[in-house]
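Accompanying notes for the structure given below.
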Amino acid sequence: MLLSRDYFKNTNTVMLAEDLLGKYLVRDLGNGQLMKSMIIETEAYHGETDQACHARFGKTDRNQVMYREGGVWYVYLCYGIHWLLNIVTGERDFPSAILIRGIADASGPGRVTKKLGIDKSFYGLAATLESGLWVEDHGYCSNGKIDITPRIGIDYAGECAKKPWRFVLKDDLIKIKNGKN
DNA sequence: TACTCGATCGGA
DNA sequence: CCGATCGAGTAA
């Protein structure tokens, strides 16, 4: 079933990031083709006090969508090359989001968007059928098979770099094919 | 305006 | 290890 707007309005971004593991990212290519991939890696970014969060310097043109009510996509360009996909969480005016770092057939945040054909055009769109990109719960239960680690690539974030806000599903049944496309 | 560095990745 | 390549922050 489709994850509702209310699901993403939850203010506990860290808990939501863990809960998203095992859910399905669904991309409607518009020609009757649906791509469905299990989410296997996420990271939480929570508020202006989180020194790793893009909102740590306040609202900017790039991050303004993080201040909206949860349930919309935050897509941004990283290192001038890769589009990174986040789902905004929580209440209006509190900036928080979850980075989708990996799906079952594409490990790495840049590969997720490349695989599903996601770019800046999804910025600010709601995670609904109409937008062509949404999240479904297929009833998968992780049953504690989850690695919890600090977030990747944020060494500049001081004490916040130590927060255990990265979640990885480790399930022997999941085959990760590192397709280079 | 001129730097510097970043929620990355693929190739040498 | 290094380069690609662009937007945000900082200093001036």
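Sequence lines set the chain letters: A, B, ... in the order given, protein chains first and strands last, and positions in each chain run from 1.
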Does the dA7(B) base have a donor-acceptor partner in the side chain of Tyr79(A) within less than 3.5 Å?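 Not at all, since no donor on one side and acceptor on the other fall under 3.5 Å apart.
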Starting the side chain at C-beta, find the nucleotide from dC6(C), dA7(B), dA4(C) nearest to Ile81(A).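 Comparing dC6(C), dA7(B), dA4(C) against the side chain of Ile81(A), the answer is dA4(C).
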Closest to the Tyr45(A) side chain, choosing from dT8(B), dA4(C), dA7(B):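 Shortest atom-to-atom distance from the side chain points to dA7(B).
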Once you round it to whole Å, what is the distance between [atom2] of [N] and [atom1] of [X]?
X         : N      : atom1 : atom2 : answer
Arg62(A)  : dC5(B) : CZ    : C1'   : 11 Å
Tyr74(A)  : dG7(C) : OH    : P     : 12 Å
Tyr76(A)  : dA8(C) : OH    : C1'   : 12 Å
Asp50(A)  : dG6(B) : CG    : P     : 16 Å
Arg56(A)  : dG9(C) : CZ    : C1'   : 9 Å
Lys120(A) : dG7(C) : NZ    : P     : 8 Å
Leu99(A)  : dT8(B) : CG    : P     : 8 Å
Ile154(A) : dA8(C) : CD1   : P     : 20 Å

For dA7(B), give its Watson-Crick or G-U wobble partner with both distances under 3.5 Å, or none.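 Paired with no nucleotide.
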Tell me whether the OP1 or OP2 atom of [N] has a side-chain N or O from [X] closer than 4.0 Å.
X         : N       : result
His54(A)  : dA8(C)  : no
Arg101(A) : dT8(B)  : yes
Arg111(A) : dG10(B) : yes

Does the ring center of His54(A) lie less than 6.0 Å from the ring center of Tyr76(A)?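 Yes, ring centres under 6.0 Å apart.
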Is a side-chain donor or acceptor of [X] paired with a backbone partner of [Y] at a separation under 3.5 angstrom?
X         : Y         : value
Ser131(A) : Leu125(A) : no
Glu43(A)  : Ile152(A) : yes
Arg111(A) : Gly108(A) : no
Asp147(A) : Val168(A) : no

Measure from the ring centre of Phe57(A) to the centre of the six-membered ring in the base of dG9(C), then say whether that distance is under 5.5 Å and the planes meet at under 30°.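 Not stacked by the 5.5 Å and 30° rule.
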Under 4.0 Å between any heavy atoms, over every strand shown, what does Ile152(A) touch: base, sugar-phosphate, or nothing? Just pick one.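 Sugar-phosphate, backbone atoms only, no base.
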Considering every strand and a 4.0 Å limit on heavy-atom distances, what is the contact class for Asn63(A): base, sugar-phosphate, or nothing?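 Result for Asn63(A) = nothing.
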Pairwise C1' distance for dG10(B) and dG7(C), with rounding to whole Å: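 Result for the C1' pair: 22 Å, nearest Å.
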